[in-house]
*Asks:* 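Mind looking over this structure? Questions follow.
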Amino acid sequence: MKFRPLHDRVLVKRVEEEEKTAGGIIIPDSAKEKPQEGEVIAVGKGAIGDDNKVVPLEVKAGDRVLFGKWSGTEVKVDGQDLLIMKESDILGVVE
């Protein structure tokens, strides 16, 4: 299935977090926090400005981004757990 977000929304896949600490202690799933970093999978065409013109998004597919802890809506697309969020929920791009 192909999925294209609308307007200023972005489809993000969370990055997998390490299962061990630096000291070698294995972290159980129940103690892990969900990562706040992900990879942009797809983006919408852009937000509609006050002058009714489309303002393109700054992020693009493939960008690695940081977002807020409670940002986005969790969805399943092709069996993958993904997030849909507005571009304004993204805090920055990791370069």
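The shown structure was predicted, so the numbers you read here are calculated from the model rather than taken from an experiment.
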*Asks:* For a 4.5 angstrom cut-off between non-hydrogen side-chain atoms, does L83 reach F67?
*Replies:* yes
*Asks:* Would you list the pairs meeting salt bridge (charged side-chain N to carboxylate O under 4.0 Å, His left out) in which at least one residue belongs to residues 55-65, sequence neighbours left out?
*Replies:* E37-R64, K60-D63
*Asks:* Whether the side chain of D78 engages the backbone of Q80 through a donor-acceptor N/O pair (distance < 3.5 Å, no angle test) should be reported.
*Replies:* no
*Asks:* Would you kindly confirm whether V40 and V93 end up in one hydrophobic cluster when ILVMFWY residues are joined by side chain heavy atoms under 4.5 Å apart?
*Replies:* yes
*Asks:* Which atoms form the tightest heavy-atom contact between A61 and V43, and what is the distance?
*Replies:* N-CG1, 4.4 Å
*Asks:* Quick one: are K45 and R4 in side-chain contact, heavy atoms under 4.5 Å?
*Replies:* yes
*Asks:* Not counting sequence neighbours, list each pair that qualifies as a salt bridge (charged side-chain N to carboxylate O under 4.0 Å, His left out) and has a residue in residues 81-95.
*Replies:* D8-K86, K76-D81
*Asks:* Could you tell me if the side chain of V59 sits less than 4.5 Å from the side chain of V10, heavy atoms only?
*Replies:* yes
*Asks:* What residues, two or more places apart in sequence or in another chain, satisfy side-chain contact (heavy atoms from CB on, under 4.5 Å) together with I48?
*Replies:* H7, N52
*Asks:* What's the spacing between E39 CD and L82 CG if we round to 0.5 Å?
*Replies:* 10.5 Å
*Asks:* Test I41 against V12 for side-chain contact (heavy atoms from CB on, under 4.5 Å), laying out the working first.
*Replies:* CA-CA 5 Å; I41 303 298; V12 176; over 6 Å; no
*Asks:* Does F3 reach the side chain of I84, with side-chain heavy atoms less than 4.5 Å apart?
*Replies:* yes
*Asks:* Can you establish whether the number of heavy atoms outside D50 located under 6.0 Å from its atom CG is more than 12?
*Replies:* no
*Asks:* Members other than V94 in its cluster, when Ile, Leu, Val, Met, Phe, Trp, Tyr link by side-chain heavy atoms under 4.5 Å?
*Replies:* L66
*Asks:* Side chains of M85 and I90, heavy atoms from C-beta outward: is any pair under 4.5 Å?
*Replies:* yes
